[in-house]
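Hydrogens, waters and symmetry mates are skipped; everything else that's a heavy atom, side chains included, is used. Throughout, protein chains are lettered first and strands after them, A, B, ... in sequence-line order, and every chain is numbered starting at 1. Everything numeric here is computed off the predicted structure, so don't read it as measured data.
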Amino acid sequence: MQNEKVAEMLEELGDLKEIIGENPFKVRAYRRAAEAIRRLNTPIEEIVREGKLSEIEGIGASLAAKITEFVKTGKVKELEELRSKVPPSLRAFLEIPDMGPRTAWLVYERLGITTIEELEKAAREGKLRHLPGMGPKKEENILRGIQLLRTTAQRFRLDVAWKTADYITSELKQLPEAKLILPAGSLRRMKETIGDVDILVATTNPEPVMDKFVSLDGIRDVLAKGTTKSSVLFEHGLQVDVRAVPPESFGAAAQYFTGSKDHNISLRERGIKLGLKINEYGVFREPADEKIAGETEEGVYQALGLVWIPPELRENRGEIEAAERNEIPTLVELSDIRGDLHIHSNWSDGSETIEALAEAASQLGYEYIAITDHSPPMGWGVKPDDFKRQIDYIRKLNERIDEIAILTGVEVDILPDGSLALEDGLLKEFDVVIASVHSQMRMPKEKMTERILRAMENRLVHIIAHPTGRLIGQREPYEVDIELIIKRAAQEGIALEINASPERLDLKDEHARMCKEYGAPVMIGTDAHAIVHLEFMRYGVGTARRGWLEPKDVINTLPLKKLLSFLKQRRTGRL
DNA sequence: GCCGTTTTCGGCCCGACTGTTTTCAGTCG
């Protein structure tokens, strides 16, 4: 995608300028512009062609000229010149904890060091300590930083991070000193991957809290222990920070440590205009520094003339403006979900019987589930005759079970030519038909888009599952014009899935928001292959919330009767 | 480099910590 390339170009310009000591605000301008480009839904070429670059917030005449040059020629003269002055490999130094642009430039200019290997060698040999502002301690920190980068650079899946956070929370909750406990940061925002976990504890007596925290099971290393902050590394490599804050500042700290960074910066800029200073202790009115909020998050937002903003929206993607106009949507919640429509049983590659799944789903409070086993040609796909038996089986089961309605269903393969792996005659027997791609994922974009659009033409199909096919950290999404798919879904009344499995989360947050914009229905499904997977729903709901979705945007918030009429409408074209 | 209901120039988020320093620069979240 050209947009991503432009964003990377701007980031490189920003990094290199930062390294040579350019004005930090200028550097920030490059990075903000890169972020703005990443957020666009329109191809950058189109915007360039229409001469509308400067309409993007954060892009002025100078950046517009550079972007235009890049889109038209594939190069930027200034960047080429900068690269000859600063080896681009120095950018890697910025990733090393405790190493920033000033130090990167220093070691290059004085010692000619351009790679992490050279840097490590020089540090080992004690050559860095003689540089101005450096000493043995800094040398040691750089070595440790390199080590840390190598062992813990990866990000963690949302469920892994939540599991760790839930464990710590339940342990700390046992202490009378811990008044309130809140996992903050990107975890609270339900970002798809997590770098480290931040947990806030409101307390007037932090010591017992910190003592308990650093002695929990599963900790590999205690990185720091103090009365306001302690930091540990768990055995699986996840870093967790616990911060103790006084109860009267808990709201301000929660706001501050939840971020995102961009959201907080925008908030503080807004504060300045109102003559207010915002920090992790509260909101203060200048010049007397009178504290006007801080105990609750609602109070912090209120002091800024804003309604409270749900954490999942805090990405500086228009939520502050929406809060100002009191137009924050009532986001979908886990408790709005009435059923799970994407579940595999042991008839295909799931590990559980249909009865056990129904029982577990019923305990989660669901009104209905759909059993949607795989079709051939997946090796474990259910054969057509067996599907007929399964449908009969489920119908009989429904007669015995009162607690929950079990819908018959299938996750049918979309074959490379866009046809479906089962005959229409069989498909129309199912209550719910999900279609999805599981093979030949490396098609060119046009072909893949055509393939999925063709499957969507079949009115027996209700839902397209995991529409981009990505596996977080393992497999890139296939090339597909997702905007076109979303537009078509809106026209056809076909639902797109937010697959709640933490290794998929596909559609992702921005695509979910696009669904809302175009009016495409969304289904949140867990793709459960075991009972424990049913609990993935919280991550799918988190992603939906990050996409600004409300209950009305999500079909499995509908009561059973209305869901059935939605499914019927898709097939008959009318209610 | 961007931007304007104080401004087309002079601002640009805020505080803590660390290590190197005799008062501060660099880095981080």
Quick check for you: among B/dT20, B/dG15, B/dC2, whose closest atom lies nearest to any side-chain atom of A/Lys138? B/dT20
Taking B/dC3 as the reference, what is the distance to B/dT8 when you measure between their C1' atoms (whole Å, please)? 9 Å
Between A/Lys137 (NZ) and B/dT27 (C1'), how many Å, whole number? 16 Å
For B/dG1, take OP1 and OP2 only and decide whether either is under 4.0 Å from a side-chain N or O of A/Lys66. yes
Please compare A/Tyr281 and A/Arg102 by the position of their nearest nucleotide in DNA chain B and report the one closer to 5'. A/Tyr281
For the pair made of CG in A/Leu187 and P in B/dG29, what is the distance, rounded to whole Å? 16 Å
Without decimals, in angstroms, what is the distance between A/Leu10 CG and B/dG1 P? 12 Å
Choose from B/dC12, B/dG15, B/dT20 the nucleotide whose nearest atom is closest to any side-chain atom of A/Pro136. B/dT20
Touch check for A/Ile265, heavy atoms < 4.0 angstrom, all strands: base, sugar-phosphate only, or nothing? base
A/Val160 side chain reached by A/His236 side chain, heavy atoms, under 4.5 Å: yes
Does A/Arg91 pair with A/Glu18 as a salt bridge, N-O distance under 4.0 Å? no
Salt-bridge criterion met for A/Lys17 and A/Glu78 (N-O under 4.0 Å): yes
Gap in Å between the two C1' atoms, one belonging to B/dT6 and one to B/dC12, rounded: 15 Å
Across the strands shown, which category fits A/Leu267 at heavy-atom distances under 4.0 angstrom: base, sugar-phosphate, nothing? nothing
Mind checking if A/Asp241 touches a base, just sugar-phosphate, or nothing, with heavy atoms under 4.0 Å? nothing
Could you let me know what B/dC9 is paired to, Watson-Crick or G-U wobble, both distances under 3.5 Å, or none if it's on its own? B/dG4
Describe the nucleic acid contact of A/Pro101 in one word from base, sugar-phosphate, nothing, applying a heavy-atom distance below 4.0 Å. sugar-phosphate
So what does A/Lys273 hit on the nucleic acid, given a heavy-atom distance under 4.0 Å: a base, only sugar-phosphate, or nothing? nothing
Which nucleotide sits closest to the side chain of A/Ser62: B/dG19, B/dG29, B/dG1? B/dG1
When we call it a touch if two heavy atoms are under 4.0 Å apart, what does A/Thr103 touch: a base, just sugar-phosphate, or nothing? sugar-phosphate
CA sep, side-chain torsions, deciding dist, call: A/Asp509, A/Thr543, side-chain hydrogen bond (donor to acceptor under 3.5 Å, both in side chains): CA-CA 5 Å; A/Asp509 52 2; A/Thr543 300; over 6 Å; no
Without decimals, in angstroms, what is the distance between A/Ile59 CD1 and B/dC3 P? 9 Å
Rounded to the Å, how far apart are A/Glu280 CD and B/dG29 P? 14 Å
Can you label the angle between the A/Tyr301 ring and the A/His263 ring as parallel, tilted or perpendicular, going by 30° and 60°? tilted
